[in-house]
Amino acid sequence: MTANRNFKRRVRARAAKTGQSYTTALRHLRQAPEGDVTAETKRLRLAVAQAVLRQDPRHRTELRDSGSDIRRLMREAHEAGAALVHFPEGATCSPHKRIMSAEGPDKVGPADWTRFEWGVLRRELAAIAELARKLRLWTVVGSVHGLTPPHRPHNSLYVISDRGEVVTRYDERMLSNTKVTHMYTPGSAPVTFDVDGLRFGLLLGMEVHFPELFIEYERLDVDCVLFSTAGPGRQTDDGDFATQAQAHAATNSYWVSYAGPTQDVASGVISPAGRWVVRCPETGKPAIATVDLDNGPENFARRWRRTARSGVYDPHLVQDDRRSDDRRVF
């Protein structure tokens, strides 16, 4: 009991010093090299989906077809034993800038969101949530999230729990020039959620180009980043998006799930070492791939990076040493 009280005091002291929550401080100390508490390895089966992205939200049939595809892949994920399934950006609909343009289709201009069949979208999302409840399956799905007019919508990821409830939503922050100029309202904050003891972060669109967002999630103690994109659409190689996703996984020592459209062969899951561990089949058709994630309590590289960023070098710096200060001599 005394050891347990001492450990709790250490957790509270770290939380006070770093500004972290009690839970985050607890996770850090459980992974400390000298740790007097051994972290239990948590595991979860994740399914990542590649899907057909339909671009015309004026067509009710297209919205219904997307909803039907999502629900079919959810059933496949459930049959594969997944606890969570991850879909691409715009899985319900990925509105094309020229279709949405009030000045289009020949000119890209401000989007006319009255063209969107919002009622059909909401019914499809309700059906997705109901299936998530029936299957007891956490579902992360890309969609447009309407705001109060005249504000433009967010480009979002809904997180639907295994009870069929929307527990949170991530809104793309680093929008492309066209998106921020003509189409969407940017988001403003990172979002995390926990399933079965693992913590997930969310990113969207072209945010793979911004390493600071991935570093931010490392500081928020995630085990996996779910990155959803409409993709660069390259069929011959992985391209910049996938290569950068591998680098972010390796440099932050966490899993990255990469969900893209059927024309993007990169869809799959990357290990904390930066290697693809599973890929969706290169058939150009909707599909899933599954992998068992863990929280890697013995991830020494991640531990050391955190130590290195905490000021560990400061006591070893020297002051007023001419051999150190003069950078023009051998």
Side-chain angles (χ1 to χ4, degrees), residues 44-96 99-100 113-149 153-172 184 187 191 193 195-196 200 202 204-205 226 228-231 257 259-262 267 280 285-290:
L44 174 146
R45 180 161 294 180
L46 167 72
V48 57
Q50 63 185 23
V52 175
L53 302 190
R54 296 175 175 89
Q55 299 181 321
D56 195 341
R58 301 170 301 179
H59 291 180
R60 298 181 178 186
T61 300
E62 286 199 11
L63 291 167
R64 293 183 182 122
D65 286 346
S66 291
S68 179
D69 284 352
I70 290 167
R71 291 187 290 274
R72 178 174 58 80
L73 293 172
M74 289 171 65
R75 293 186 183 95
E76 289 185 19
H78 173 70
E79 291 170 2
L84 185 155
V85 60
H86 169 213
F87 286 93
E89 171 188 11
T92 55
C93 183
S94 183
H96 195 283
I99 291 174
M100 299 308 295
W113 288 103
T114 64
R115 298 177 179 184
F116 203 114
E117 287 285 350
W118 293 105
V120 178
L121 174 66
R122 293 188 182 100
R123 287 192 289 274
E124 293 302 317
L125 287 168
I128 290 166
E130 175 60 17
L131 183 60
R133 184 190 67 81
K134 289 181 178 178
L135 299 178
R136 306 295 293 178
L137 178 68
W138 284 77
T139 302
V140 176
V141 61
S143 185
V144 178
H145 179 76
L147 303 185
T148 305
H154 292 309
N155 184 37
S156 303
L157 287 171
Y158 290 118
V159 179
I160 303 169
S161 76
D162 57 358
R163 294 184 177 183
E165 301 167 345
V166 180
V167 295
T168 191
R169 186 192 74 247
Y170 176 73
D171 307 318
E172 185 180 5
Y184 297 108
V191 169
F193 66 100
V195 181
D196 294 347
F200 295 86
L202 300 161
L204 256 176
L226 305 178
S228 297
T229 184
S257 178
T262 52
S267 299
C280 288
K285 298 179 181 179
I288 63 163
T290 60

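Here the CG atom belonging to Asp196 is positioned 5.0 Å from the CG atom belonging to Leu44, to the nearest 0.5 angstrom. A distance of 9.5 Å separates OG1 in Thr262 from CG in Asp69, rounded to the nearest 0.5 Å. Distance check, rounded to the nearest 0.5 Å: SG of Cys93 to CZ of Arg54 gives 9.5 Å. Interatomic distance, CD1 of Ile160 versus CG of Leu137, reported as 9.5 Å (0.5 Å rounding). Annotation: the span from Leu204 atom CG to Asn155 atom CG amounts to 5.5 Å, rounded to 0.5 Å. Remark: Ile70 CD1 to Ser143 OG distance equals 8.0 Å, nearest 0.5 Å.
Looking at heavy atoms from C-beta onward, Thr139 lies out of side-chain contact with Tyr158 at the 4.5 angstrom threshold. No side-chain heavy atom of Pro149 sits under 4.5 Å from any side-chain heavy atom of Trp113. Contact annotation: the side chain of Val52 never approaches that of Ser66 to less than 4.5 Å [non-hydrogen atoms, C-beta and beyond]. Counting only heavy atoms from C-beta outward, the side chains of Leu157 and Leu226 never approach each other to under 4.5 Å. Counting heavy atoms from C-beta outward, Arg75 and Leu131 have side chains that approach closer than 4.5 Å. Between Tyr170 and Ser156, every side-chain heavy-atom pair lies at or beyond the 4.5 Å cut-off.
Here the closest non-hydrogen pair linking Ser161 and Ala132 is O-CB, 3.9 Å. Shortest non-hydrogen contact noted between Leu63 and Pro57 is CD1-O, 3.8 Å. In this structure, Gly205 and Thr229 approach most closely via the heavy-atom pair O-OG1, 3.1 Å. Of all heavy-atom pairs spanning Pro153 and Gly146, the tightest one is CB-CA, 3.9 Å. Of all heavy-atom pairs spanning Glu172 and Glu89, the tightest one is OE1-OE2, 4.0 Å. Heavy atoms only, all atoms of each residue included: Ala49 and Ala259 are closest at O-CB, 3.6 Å.
When the ring-ring contact (aromatic ring centres under 6.0 Å, His included) test is applied to Phe193, the partners found at least two apart in sequence or on another chain are Trp138, Phe200.
Using a distance-only test at 3.5 Å, with no hydrogens or angles considered, no donor-acceptor pair links the side chain of Thr290 to the main chain of Leu46. Distance alone, capped at 3.5 Å, is enough to place a donor-acceptor pair between the Thr92 side chain and the Gly142 backbone. When atom types are taken as modelled, the side chain of Ser267 and the backbone of Gly260 share a donor-acceptor pair closer than 3.5 angstrom.
No option in Arg64, Arg60, Arg71 other than Arg71 meets the side-chain hydrogen bond (donor to acceptor under 3.5 Å, both in side chains) test with Glu124.
By the 30° and 60° cut-offs, the orientation of the rings of His154 relative to His145 is parallel.
Within the structure, the salt bridge (charged side-chain N to carboxylate O under 4.0 Å, His left out) test picks out no pair touching residues 156-167 (sequence neighbours left out).
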Atom pairs and distances, donor-acceptor, side-chain atoms in residues 77-87, under 3.5 Å, two or more places apart:
residue : atom : partner : partner atom : Å
His78   : ND1  : Leu135  : O            : 3.3
His86   : ND1  : Ser257  : OG           : 2.8
His86   : NE2  : Ser228  : OG           : 2.7

